[in-house]
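Labels below follow one simple rule: chain letters A, B, ... track the order of the sequence lines, proteins then strands, and each chain is numbered from 1. Hydrogens, waters and symmetry mates are skipped; everything else that's a heavy atom, side chains included, is used.
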2 protein chains.
Amino acid sequence: MKSLKIAILGTGNVAWHLASTFENQGHVISHVYDRDINKAEKFSLDYFNASTSDSLDLSEINANLFIMALSDDSIEEVAQKLQLPSGSTLVHTSGTVPLNSLGYAQTHNIGVFYPLQTFSKGKSLDFTDIPICIEGESDETIELLRNLANSISHSVHLLNSNQRKVIHLSAVFACNFTNHMFTISKGILESNDLDFDILKPLIVETLNKSFDISPENAQTGPAKRGDMETLDRQFESLSNDPAVAEIYQLVSQNIIDSYQD
Amino acid sequence: MKSLKIAILGTGNVAWHLASTFENQGHVISHVYDRDINKAEKFSLDYFNASTSDSLDLSEINANLFIMALSDDSIEEVAQKLQLPSGSTLVHTSGTVPLNSLGYAQTHNIGVFYPLQTFSKGKSLDFTDIPICIEGESDETIELLRNLANSISHSVHLLNSNQRKVIHLSAVFACNFTNHMFTISKGILESNDLDFDILKPLIVETLNKSFDISPENAQTGPAKRGDMETLDRQFESLSNDPAVAEIYQLVSQNIIDSYQD
């Protein structure tokens with residue numbers, strides 16, 4: 001595709017990862033906005049031709065595309081206040097904020113460019129396999145975003161705002177809650193002078209199996225087997241932590257109910 | 001270590017993986033027992049010198065070590081009925097059955113040889129990183145099992161029966177429950193015509209982060225942020241599946257409580 005001139009709003013992890021990846025693929029980061037000008041300048045050091053500002057009047061900025069990599073809370077307000085060059089396109093990068101939050105922006109070329117990944121500062125990620133979820137108010141915007149997404153990833157998905165919400169909810173279960181299960185597991189081990197490391201090979205192989213044959217076919221354990229003796233014994237052994245015991249009971253019951261047929 | 005002559009009791013996944021790995025490391029599988037002689041014979045085809053039987057009188061079998069890779073329920077009963085050569089060592093491979101379930105066996109050389117991993121038929125696994133949890137009634141038994149474990153893995157742990165129970169419980173959270181979270185997540189996606197595959201890169205990176213910086217430092221999501229608006233909205237969107245909604249609420253609350261300081 002032809003190289004784009006891109007202005008980035010925000011200087012956090014998402015901004016940093018997107019900007020680096022776009023530049024690596026031949027696009028140009030022409031401007032960096034942050035309400036803290038020091039952050040914008042520090043960030044733009046990585047992108048030699050990028051101008052910087054802490055003002056939302058970006059009407060003179062030379063860019064085709066304005067990407068808001070901002071906190072969910074601030075997207076709607078910033079979009080309303082923003083001054084843009086005529087004909088430019090404005091997108092946000094959030095999994096949860098609907099497209100129409102950009103409805104009061106100065107441009108009708110609005111969209112969403114949501115990379116479905118967790119980003120850590122300073123740790124670069126290969127975008128090739130990262131799903132990019134795009135949405136656009138018009139066919140032209142969709143086309144622009146699809147080309148940009150294709151230039152960094154082979155996993156590009158046109159999704160509406162509701163589908164993005166569903167993905168975000170499913171990620172709460174598959175990522176946030178699984179991580180919390182690791183925290184609980186680690187706590188149980190450590191209160192018995194055992195190290196969480198001992199479980200890691202089993203966790204990795206369980207994940208491989210789940211991906212290979214799909215999670216409902218990979219389920220194992222006392223609840224899956226309907227092994228009431230082990231369930232009762234394990235539940236009782238958690239009596240010193242009622243909240244964890246309740247999670248144990250509720251999730252076990254849901255597994256039993258899911259596989260009882 | 002000197003090569004051992006090993007008799008395997010049982011022909012399931014654990015039996016198959018252990019037998020293959022022992023033979024690869026120069027030990028000899030000299031005998032295979034299964035209550036179904038056809039299974040024993042089919043299994044022993046892989047081990048040319050292995051005799052077979054469906055009888056629990058193994059007193060004439062030429063082996064130093066008898067490994068019971070049987071279902072948890074049957075271990076105690078089989079141990080009681082078993083006839084063994086004098087001076088031989090008997091172990092089971094279970095994560096949950098205590099050592100003293102072998103207390104009525106004919107030998108005092110009893111122990112546990114528990115590989116902390118999930119095994120699938122036909123998919124070979126490298127044992128080098130698999131934790132082997134050993135326990136023994138006597139120093140001699142512990143020494144024998146430690147040498148055998150060291151011959152296949154560099155992660156060997158002397159644990160008592162209570163510690164093994166703790167590991168098993170922690171694995172229910174870290175493996176069984178996380179896998180069920182994947183199942184729930186997949187269900188949410190599929191009921192909205194979305195594919196579980198879209199989440200896989202995020203799941204893998206979340207796991208990497210959790211292992212890198214430890215799960216309590218890797219936690220993200222609306223509950224961690226105390227984002228009540230998203231929590232309420234997501235909870236309401238689950239109203240068509242009250243059991244899943246309850247899990248959502250309980251795990252979210254536990255995350256909130258864990259990070260509120």
- Item | Side chain, backbone, both or neither of I184(A) within contact of chain B (heavy atoms, under 4.5 Å) | side chain
- Item | Any residue of residues 11-20 of chain A which, by heavy atoms, sits under 4.5 Å from chain B | none
- Query: Between I203(A) and F211(B), is any pair of side-chain heavy atoms under 4.5 Å apart?
  - Reply: yes
- Item | S214(A) versus chain B, the contacting section by heavy-atom distance below 4.5 Å | side chain
- So, the part of D212(A) with a heavy atom under 4.5 Å from chain B: the answer is side chain
- Any donor-acceptor N/O pair, Q163(A) side chain to N160(A) backbone, under 3.5 Å: yes
- Message: Could you measure the distance from the CZ atom of F113(A) to the CD1 atom of I132(A)? Nearest 0.5 Å is fine.
- Response: 4.5 Å
- Message: Taking side chain as everything from C-beta outward and backbone as N, CA, C, O, which of these in F119(A) sits under 4.5 Å from a heavy atom of chain B? Side chain, backbone, both or neither.
- Response: backbone
- Message: If I measure from the heavy atoms of chain B, does K200(A) come under 4.5 Å with its side chain, its backbone, both, or neither?
- Response: both
- Hey, does the side chain of S191(B) reach the backbone of G187(B) with a donor-acceptor pair shorter than 3.5 angstrom? yes
- Among L159(A), T183(A), I213(A), which residue forms the greatest number of heavy-atom pairs with chain B at distances under 4.5 Å? T183(A)
- Working to the nearest 0.5 Å, report the span between CD of Q80(B) and CD1 of I75(B). 12.5 Å
- Message: Within the 3.5 Å criterion, strictly below it, is a donor on S151(A) or H27(A) matched to an acceptor on the partner's side chain?
- Response: yes
- Query: Under the 3.5 angstrom rule, does the side chain of S237(A) hit a backbone N or O of Q234(A) as a donor-acceptor pair?
  - Reply: yes
- Query: Taking atom CD of E190(B) as the centre, does the number of heavy atoms from other residues, nucleotides or ligands within less than 6.0 Å exceed 12?
  - Reply: yes
- Just wondering, more than 12 heavy atoms not from D36(A) lying within 6.0 Å of its CG? yes
- Query: Tell me, side chain or backbone of H157(A) under 4.5 Å from chain B's heavy atoms, or both, or neither?
  - Reply: side chain
- Message: Any non-hydrogen side-chain atom of F182(A) less than 4.5 Å from a side-chain atom of T206(B)?
- Response: no
- Item | chain B contact via L238(A) - which portion, at a heavy-atom distance below 4.5 Å | side chain
- S71(B)-D73(B) side chain donor-acceptor pair, cut-off 3.5 Å: no
- Note on the structure: Correct closest heavy-atom pair for Y114(A) and T93(A) would be CD1-O, 3.4 Å
- Proximal to chain B - members of residues 216-229 of chain A, heavy-atom separation under 4.5 Å: E216(A), A218(A), Q219(A), T220(A), G221(A), P222(A)
- Message: Within the structure provided, determine whether S153(B) and P131(B) are in side-chain contact (heavy-atom separation under 4.5 Å).
- Response: no
- Query: Taking non-hydrogen atoms and a cut-off under 4.5 angstrom, which of residues 94-103 of chain A neighbour chain B?
  - Reply: T96(A)
- Task: Report yes if some heavy atom in the side chain of I134(B) is under 4.5 Å from a heavy atom in the side chain of V112(B); otherwise report no.
- Result: no
- Task: Between chain B and each of D72(A), L194(A), D129(A), count heavy-atom pairs under 4.5 Å; write down the option with the most.
- Result: L194(A)
- Would you call E205(A)-K209(A) a salt bridge at under 4.0 Å N-O? no
- Note on the structure: Note: vs chain B, highest number of non-hydrogen pairs under 4.5 angstrom among S155(A), P201(A), S252(A), P215(A) is P215(A)
- Message: Sub-4.5 Å heavy-atom contacts with chain B: which residues of residues 172-180 of chain A show up?
- Response: V172(A), F173(A), A174(A), C175(A), N176(A), F177(A), T178(A), N179(A), H180(A)
- Item | Among R233(A), Q117(A), M181(A), residue most engaged with chain B (heavy-atom pairs, under 4.5 Å) | Q117(A)
- Message: Strictly distance-based, threshold 3.5 Å: is any side-chain N or O of E135(B) a donor or acceptor partner for the main-chain N or O of L158(B)?
- Response: no
- Say you draw a straight line from CZ of R35(B) to CG of L9(B); how long is it, rounded to the nearest 0.5 Å? 12.5 Å
- Please determine, among I198(A), L199(A), L125(A), the option with the most heavy-atom pairs under 4.5 Å with chain B. I198(A)
- Item | R146(B) backbone acceptor or donor facing N150(B) side chain under 3.5 Å | yes
- Can you say whether L169(A) sits under 4.5 Å from chain B via the side chain, the backbone, both, or neither, judging by heavy atoms? both
- D197(A), part contacting chain B, at a heavy-atom distance under 4.5 Å: neither
- So, does S170(B) use its side chain to make a donor-acceptor pair with the main chain of S185(A) at under 3.5 Å? no
